[in-house]
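Report on the following structure.
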Amino acid sequence: MANVTLENLVKVYAETGPDNKVVHGINLEIRDREFMVLVGPSGCGKSTTLRMIAGLEEVSGGTISIDGTIVNDVLPKDRDIAMVFQNYALYPHLSVYDNLAFGLKLRKFPRIEIDRRVREAAAMLGLETYLDRKPKALSGGQRQRVAVGRAIVRKPKVFLFDEPLSNLDAKMRVSTRTEISKLHARLEATMIYVTHDQVEAMTMGDRICVMKDGAIMQVASPLELYNQPENMFVAGFIGSPPMNFFRGTLRAAGGDLLQFVETNDQASPVVITLDERLSALGAAYVGRSIVFGIRPEDAQDTLTVSHPAPERTLEVKVEVSEPMGAETFLYLNTGATAFIARVRPTDRFTPGQTVKVTLRLDNAHLFDPVSEKRLV
C-alpha cells in the first residue's frame, strides 16, 4: 500500500474570482495502511481535497505525494488509486460481474485473472448470487457494495471514499460502515474517507481530520478528539449531542479555587465552583470573559448522584425530554443558556418542570472566547 502526503495544498476556483479559495494550504500525512477520515460541515473543502488526491480537481498550490512521488501532474488513471463515489457510478446496462470487471478489461488484464479477481471481491462482499443482475435490480446497499468491489479488484495503492453511505437509510448505513471497516482490516489498505457525519467518522477512522472553511482544525484519534478538542469548533462538532458551552467570567472563590459566573442579565446567574485543575487553567482569566464547556453525559440528574456537590448543582427548567431507548436527552435552560443533559432512560420529565443537575468536572474544559482555543 502507500502513504499520502499533502503539503501546503491549495485550491482556488479562479473562474469565480481570485478570492474563492476553498482549501487553504493544508498539511496532512496519511500513513501507510491507515484509515483516515476527513470530516466537517458541507462546504468545508473535504470532498475537494479528496478529488485533488484523485486527480479529478487541479491543484492550485502545494503538492500531493503518494509513496514519496509527487503526483500533481500525473493523470488520475496513473495514480494507482480507486475512488468510490456517493452516487455509486455504476454502468446501468452492465451486469454486476461486468461492472466489477470493467476497469480490469480496460487495462487488458488476462481473462483468467479478471475472473479470479471479480469472484474474489464478490465473495468478500457477499455478491456471489448477484453477479448476473443489473444495478436496477439491486438495493442501495448492494449497489454500494458493487461500487466498493469495483475498487477492490483494482488492488490500488490508495482507496478514496466520497460520502459513500449518504444515499442509504439509517439501518443500512450502520451495516455498510461496519462492512467497510472489516474490509479495511482484511485488505490492510490505505483508505481516505470523506463524510459530514461525525458518528461515521468516530466509528470508522484510525485518525480523523476535522475541517472547517478549507482549513484543518485538528487531526487526532477519535477518543483524543472527543476528550481533548483543540478548539470550540472540534468540541462542538465531535460528539452526539455536542458539547455544551456556557459563556461567563471567572472570579476568586477562596483558596486556589475559582468560580465561573454565567453571563446573565437576570438577578441570579449560574455560578459554578471549579475544581483545582480548571482553576489552575483559568488563573490568568480572573475577571475576564471565558467559555466553560461540558459534555451532556457529565450533566447528571441529582437523583442519580450519591453526594451531589451544591457548588456545582444547577436549578434549571426542562424544555424538551427526548427518550432514546437506552438513554434520555434533556434539553434544559438556565435562563440564559440552553444545554443538554444525558440521563437515565427510566427517569421521566415533562416540559416546564424544574430539575436540579450536578456537573461532573473531570472532563470539562475552558476556552478562550476570542481565539476559541482550549486552555491547556
Inset, instruction - Could you pull out all residues at least two apart from R207 that satisfy side chain to side chain donor-acceptor pair (under 3.5 Å)? - result: E34
Legend entry - Path from L168 to I180 over hydrophobic side-chain contacts below 4.5 Å: yes
Legend entry - Electrostatic pair D298:R295 at N-O distance under 4.0 angstrom: no
Legend entry - Option from E372, Q218, M243 for which side chain to side chain contact (heavy atoms under 4.5 Å, CB included) with V234 holds: Q218
Legend entry - Pair R116 + E113, salt bridge at N-O below 4.0 Å: yes
Legend entry - Within 45° cone of Y130 ring axis and under 6.0 Å: R133 NZ or CZ: no
Legend entry - Non-hydrogen side-chain atoms of L359 and F292 separated by less than 4.5 Å: yes
Legend entry - Heavy atoms of other groups near D132 CG, more than 12 under 6.0 Å: no
Inset, instruction - Output all residues satisfying side chain to side chain donor-acceptor pair (under 3.5 Å) with S166, sequence neighbours left out; order by chain, then residue number. - result: Q86
Legend entry - Lys/Arg-Asp/Glu bridge criterion (N-O < 4.0 Å) met for K105, D98: yes
Legend entry - Electrostatic pair R342:E327 at N-O distance under 4.0 angstrom: yes
Inset, instruction - Measure from the side-chain N and O atoms of N3 to the backbone N and O of I30, and report whether any donor-acceptor pair falls under 3.5 Å. - result: no
